[in-house]
Amino acid sequence: MQSVTDRYDPLDAEILHDPYPVLAELREREPVFWHVGMDSWVLTRYADSVRVLRDHETFARDPRRTGGGVPEPSLSVQTLDPPQQNAVRSLFMTALRAQDLTGVEDRARFLVGERLDRLAGGGPFDVMAEIAVPLSVAVVTDLLGVEPPSYGEFAAMSDAIMRSMDGGLNPALVEPGRVARQRLSDLVDSWFEASARPGLLARVRQATAPDSDVSTRLYVKNTARVMFQGGYSTMAAAIGNAVHTLLTHLGTLDRMRDGALLATGVDELVRFDGPVQGTTRTAVRSCRIGGVDIAPEQKVVPLFAAANHDPSAFTRADELMLERTPNRHLGYGWGPHSCIGTTVAQAGLRALVAALSNHPARLAAAGDGVRRRTATMRAFDTLPAALLL
Ligand code: HEM
């Protein structure tokens, strides 16, 4: 009989449907194991994942620290490590803190409310196309202060980039991802030149002035692209997963009409079934995790999805507990590469849940959703639902 580590294929239909039972088995039997397909050590315990994410001196995000290369369009806050990353990361964090997130949340709630009014009583619809994509494009473009691009063209580019995150498992996905990234860079460049609206982009623009340092200009533009594309695709996936959880946990939407439960509940939704399943780092020196020796240049994959259901970090880890506090889950990552957009994502999710829970029509499932065949991002391709009057 195959061992559980051999059975672990993140693209297997059963695992895409519900990864948590096999992740629990892995955590119990072999919490740190070598995965041939991923060519990496995989970590399933919360404490081991936090250790790797925190210790950026031992575990590199930047491939250049372990002899690899990074194409220019990929040099951003996401690929640079401290100390090189510090200036660009704090530029974006400061610019984000200066934004009116209450305004972003209010406008997002209004947009969802309007969409729900149109969908109510009209038969089944696809949550991804009708709510997740428009809401996440609206939140991210509102934050940046740019005109939303056409959904169709943008969704195709974004899909190619999202799929290329699985390039380690399927190298054929790498080139389409590179091409899409370049097209998106051109779009973001045009915003830097043309957009006059207030927003995050206007705040970081002075760092891209022609007299500023060439690499700073590059990092800032590339990071703006990551904020837009990464923010949009992760947000859309999070919305789909959150709606699915709400559909399968009856009564949750009603309870989230309570403001305190809305605030803690949106974090619990991300812990319970978040979009980002894991990340990769590369060891720059030998080290030991969970009794396993890691050699320099070996890759390590902390699995957020497994860590977030680790019973040694969360009581009743497999239950949705809206009131869970503190909730130090890894759904937004941890350490120097943790999500820059956490507060925006929380605002977008609150807007979604508030609009759904306060709408007179009742949200109900209308069939099974289709899970996207991607390993790094847990998302739905389609998720049917109906709003019953
Ligand atoms: C619910 C929605 C979201 C979730 C669950 C999420 C999750 C994450 C996670 C897990 C990471 C860390 C990945 C790693 O360590 O490799 C990350 C990084 C990042 N996120 Fe998010 N994200 C969300 C929405 C957003 C939004 C809306 C934005 C921007 C508007 C954004 C911008 C970023 C950026 C720029 C990074 C890279 C940070 C760095 O490497 O320093 N995210 N996100």
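Cluster annotation: V344 and L262 are assigned to the same hydrophobic cluster (Ile/Leu/Val/Met/Phe/Trp/Tyr, side-chain heavy-atom contacts under 4.5 Å, transitive). L143 and M93 end up in the same hydrophobic cluster when Ile, Leu, Val, Met, Phe, Trp and Tyr side chains are linked at under 4.5 Å. Tracing side-chain contacts under 4.5 Å through hydrophobic residues (I, L, V, M, F, W, Y), one never reaches M321 starting from V353; they form parts of separate clusters. Using a 4.5 Å cut-off between side-chain heavy atoms of Ile, Leu, Val, Met, Phe, Trp and Tyr, with links allowed through other members, F33 and V36 fall into different hydrophobic clusters. Under a hydrophobic clustering in which Ile, Leu, Val, Met, Phe, Trp and Tyr are joined whenever their side-chain heavy atoms come within less than 4.5 Å, directly or via other members, L53 and V284 fall into different clusters.
Heavy atoms only, all atoms of each residue included: A385 and L363 are closest at CB-CD1, 4.1 Å. Taking both residues in full, the closest heavy atoms of P275 and A238 are given as CG-CB, 3.8 Å, listed atom of the first, atom of the second, then distance. The two residues M38 and H35 come nearest to each other via the heavy atoms N-ND1, 3.0 Å. Heavy-atom minimum distance, R225 versus S74: NH2-CA, 4.4 Å. Contact record, M235 with S136: CG-CB, 3.4 Å, taken as the closest heavy-atom pair. What you find for L200 and M227 is that their closest heavy atoms are CD1-CE, 4.0 Å.
Inter-residue side-chain proximity for P134 and V137 is flagged as unmet; no heavy-atom pair is nearer than 4.5 Å. Looking only at side-chain heavy atoms (C-beta outward), R27 and H309 come within less than 4.5 Å of each other. A heavy-atom distance below 4.5 Å is not found between the side chains of S233 and I161. Under the 4.5 Å side-chain criterion, counting only non-hydrogen atoms from C-beta, D267 is in contact with H329. Between V22 and V4, some side-chain heavy-atom pair lies under the 4.5 Å cut-off. Residues P360 and L389 have side chains not in contact (no heavy-atom distance under 4.5 Å, counting atoms from C-beta outward). You'll find the side chain of Q78 stays beyond 4.5 Å of the side chain of Q85, heavy atoms only. Side-chain contact between E147 and T141: absent, with no pair of heavy atoms (C-beta onward) separated by less than 4.5 Å.
The distance from the CG atom of L26 to the OH atom of Y8 is 7.5 Å, given to the nearest 0.5 Å. In this structure, the separation between CG on L303 and CG on D310 is 12.0 Å, given to the nearest 0.5 Å. In this structure, CG on L75 lies 9.5 Å from OG1 on T223, to the nearest 0.5 angstrom. The CD atom of Q298 sits 9.5 Å away from atom OG of S286, with the distance rounded to the nearest 0.5 Å. Annotation: the span from L80 atom CG to R89 atom CZ amounts to 11.5 Å, rounded to 0.5 Å. Summarising the geometry, atom CD belonging to E25 is positioned 11.5 Å from atom CD belonging to E30; distances are rounded to the nearest 0.5 Å.
Under the side-chain contact (heavy atoms from CB on, under 4.5 Å) criterion, T208 pairs with F192, R205, R217, V220, K221, not counting sequence neighbours. Every side-chain contact (heavy atoms from CB on, under 4.5 Å) that A108 has, sequence neighbours left out, goes to L135, V139, A351.
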- prompt: When you look at I289 and R51, which way does the side chain to side chain contact (heavy atoms under 4.5 Å, CB included) test go after all the steps?
  reply: CA-CA 9 Å; I289 302 176; R51 185 191 144 195; 3.7 Å; yes
message: Under the criterion side chain to side chain contact (heavy atoms under 4.5 Å, CB included), I'd like the reasoning laid out for T343 against L96: C-alpha separation, chi angles, the key distance, then a yes or no.
response: CA-CA 9 Å; T343 50; L96 191 111; 3.4 Å; yes
query: Yes or no on side chain to side chain contact (heavy atoms under 4.5 Å, CB included) for E105 and R350, after CA distance, side-chain angles and deciding distance?
result: CA-CA 8 Å; E105 182 171 343; R350 280 195 304 268; 2.8 Å; yes
query: Are R61 and D81 close enough, and set up right, to give a salt bridge (charged side-chain N to carboxylate O under 4.0 Å, His left out), and what steps lead you there?
result: CA-CA 6 Å; R61 179 77 200 238; D81 280 330; over 6 Å; no
query: Run the ring-ring contact (aromatic ring centres under 6.0 Å, His included) check on F228 and W191 step by step: do they pass?
result: CA-CA 12 Å; F228 179 54; W191 287 337; 4.8 Å; yes
- request: Evaluate the criterion side-chain hydrogen bond (donor to acceptor under 3.5 Å, both in side chains) for residue pair R7 and T5; output intermediate values, then yes/no.
  value: CA-CA 5 Å; R7 270 192 287 128; T5 55; over 6 Å; no
task: Show the numbers, then the answer: is there a salt bridge (charged side-chain N to carboxylate O under 4.0 Å, His left out) between D254 and R257?
output: CA-CA 6 Å; D254 289 341; R257 252 184 247 127; 2.8 Å; yes
- request: Apply salt bridge (charged side-chain N to carboxylate O under 4.0 Å, His left out) to R109 and D106, showing your working.
  value: CA-CA 5 Å; R109 196 173 50 244; D106 288 347; 3.0 Å; yes
- request: Go through Y332 and F304 one step at a time and tell me if the ring-ring contact (aromatic ring centres under 6.0 Å, His included) criterion holds.
  value: CA-CA 9 Å; Y332 291 107; F304 301 142; over 10 Å; no
task: Kindly determine whether V270 and L349 satisfy side chain to side chain contact (heavy atoms under 4.5 Å, CB included), including the steps that lead there.
output: CA-CA 10 Å; V270 172; L349 289 171; 3.7 Å; yes
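Side-chain polar atoms of R324 and T264 form no donor-acceptor pair below 3.5 angstrom. Between the side chains of R181 and S164, at least one donor-acceptor pair of N or O atoms lies under 3.5 Å.
In this structure, N222 contributes its side chain and E72 its backbone to a donor-acceptor pair below 3.5 Å. Judged by distance alone, with hydrogens and angles left aside, the side-chain atoms of N308 form a donor-acceptor pair with the main-chain N or O of L330 at under 3.5 Å. No donor-acceptor pair under 3.5 Å is formed between the side chain of N86 and the backbone N or O of P82.
Here R65 does not pair with D62 in a salt bridge; the nearest charged N to carboxylate O distance is not below 4.0 Å.
Atom CD of E323 sits in a crowded spot, with more than 12 heavy atoms from other residues, nucleotides or ligands closer than 6.0 Å. Atom CZ of R328 sits in a sparse spot, with 12 or fewer heavy atoms from other residues, nucleotides or ligands closer than 6.0 Å.
Annotation: side-chain hydrogen bond (donor to acceptor under 3.5 Å, both in side chains) contacts involving residues 370-389, sequence neighbours excluded, comprise D159-R372, D166-T376, N241-R371, D273-R371, D273-R378, R372-D381. Pairs passing the salt bridge (Lys or Arg N to Asp or Glu O under 4.0 Å) check and including a residue from residues 117-140, sequence neighbours excluded, read R115-E130. Among residues at least two apart or in separate chains, ring pair (Phe, Tyr, Trp, His ring centres under 6.0 Å) pairs with a member in residues 236-271 are H244-F380, H249-F272. Each ring pair (Phe, Tyr, Trp, His ring centres under 6.0 Å) pair with one or both residues in residues 86-145, not counting sequence neighbours, would appear here, but there are none.
With respect to L383, the side-chain contact (heavy atoms from CB on, under 4.5 Å) criterion is satisfied by exactly one of V370, D368, V243: V243.
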